[in-house]
Amino acid sequence: MTDFGIEVSGDRKAILRFEEFPKAAHDRLFEALTDIEQQLEAAVIASEPTKSGALRSLTGGRVYDHANRIAAVVGVRVQTGNEARKAAALEYGSRGVAITVEAHFMTLDHIWRRAISPIAVDLPEYMRRPMITPHAFLKGPIDAVRGIAIAQMQAAIDQATQENQ
C-alpha cells in the first residue's frame with residue numbers, strides 16, 4: 001500500500017499526495033481530467049463576451065501530466081500586461097479611473113440610431129469613466145461544472161480501486 005496525505009486549504013484547494021502515485025489511479029484520473037478540461041473549456045468559451053473575438057482566440061485549456069501530479073487548467077493565455085488587464089476587466093468588471101478623451105474630429109452617419117447624411121463633427125475634450133460590468137466567464141463555468149467534475153474524479157478513483165482489488 002502506498003503512503004498518502006491529504007491537504008485542504010480554504011474552499012478552492014484540495015491536494016491528495018502520494019509517496020508514489022498509483023499507476024491505475026493516475027491513468028483513470030488523467031482520463032477524467034482530460035474530459036473535465038474539455039467540458040470546462042467549452043463552458044468558458046460559451047460564457048465569454050464576444051465583440052471582436054480577441055478574447056476567444058486567447059482562451060484555452062490544457063491538462064498537465066507530471067509523474068506525481070495531474071492538473072487541468074482553463075484560462076486566458078495573455079501575452080502582454082494590457083491583454084491581462086482587458087481580460088480581468090471583463091471577468092471582474094471595472095469602475096476605472098476617469099480618463100481624458102482629447103478633442104477630435106468625427107464623422108457621424110447616424111443620430112440616435114437614425115441614418116443621416118454623413119456630417120463632420122468637432123468634439124471638444126471630455127472626461128470619461130469606463131463602466132464595465134463583470135461577466136464572470138471564468139468563475140461562472142467552474143461553479144457550474146464543479147459537481148460533475150468531482151463526481152467524475154470520484155468515479156475514476158473508485159474504478160481504479162476496484163481494478164486493484
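Just so it is clear, the model here is predicted, and its values are computed rather than measured.
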So OG of S47 and NZ of K139: to nearest 0.5 Å the spacing works out to 12.5 Å
Membership question, hydrophobic clusters at under 4.5 Å side-chain separation (ILVMFWY): are I116 and L123 in the same one?
yes
Nearest heavy-atom approach of A25 to I157 is CB-CD1, 4.4 Å
Value for NZ (K86) from CG (L58), rounded to nearest 0.5 Å, stands at 9.5 Å
Q) Tell me, do Q152 and I36 make a side-chain contact under 4.5 Å, heavy atoms counted? A) yes
Check your understanding: Are F137 and H135 close enough that some pair of their side-chain heavy atoms sits under 4.5 Å apart?
Key -> yes
Is the backbone N or O of L33 less than 3.5 Å from a side-chain atom of E37, with the two atoms forming a donor-acceptor pair by type?
no
Value for CD (Q159) from CG (D27), rounded to nearest 0.5 Å, stands at 11.0 Å
Say whether, by atom type as modelled, one donor and one acceptor occur between the side chain of T50 and the main chain of G53 under 3.5 angstrom.
no
All heavy atoms of L55 vs all of P49, minimum pair found to be CD2-CD, 4.1 Å
Distance col, row I142:CD1 vs R146:CZ, nearest 0.5 angstrom, shows 6.0 Å
Closest heavy-atom pair, P134 versus E91, reported as atoms and distance to 0.1 Å, is CB-O, 3.6 Å
Here the pair of heavy atoms bringing V97 nearest to P130 is O-CD, 3.6 Å
For V44 and V74 the tightest heavy-atom approach is CG2-CG1, 3.9 Å
- Query: When you look at CE of M106, are more than 12 heavy atoms from neighbouring residues, nucleotides or ligands closer to it than 6.0 Å?
  - Reply: no
TODO: Please say whether more than 12 non-hydrogen atoms of neighbouring residues, nucleotides or ligands are located less than 6.0 Å from CD in E125.
DONE: yes
Quiz item: Transitively linked via ILVMFWY side-chain contacts under 4.5 Å: V76 with I45?
Solution: no
The reported gap from CG in D65 to CZ in R62 (rounded to nearest 0.5 angstrom) is 10.0 Å
Taken to the nearest 0.5 Å, the spacing of I70 CD1 from M153 CE works out to 10.5 Å
Test item: side-chain donor near acceptor, D122 and H104, under 3.5 Å: no
Inset, instruction - Decide salt bridge (charged side-chain N to carboxylate O under 4.0 Å, His left out) for E31 and R28; before the verdict, give the C-alpha distance in whole Å, the side-chain angles of both, and the deciding distance to 0.1 Å. - result: CA-CA 5 Å; E31 290 173 19; R28 294 292 180 189; 3.8 Å; yes
Tightest non-hydrogen contact, residues T59 and E41, listed as O-OE2, 4.4 Å
Residue pairs passing the salt bridge (charged side-chain N to carboxylate O under 4.0 Å, His left out) test with at least one member in residues 45-55, sequence neighbours excluded, are E48-R56
Across all chains, not counting sequence neighbours, the side chain to side chain donor-acceptor pair (under 3.5 Å) partners of Q154 are D158
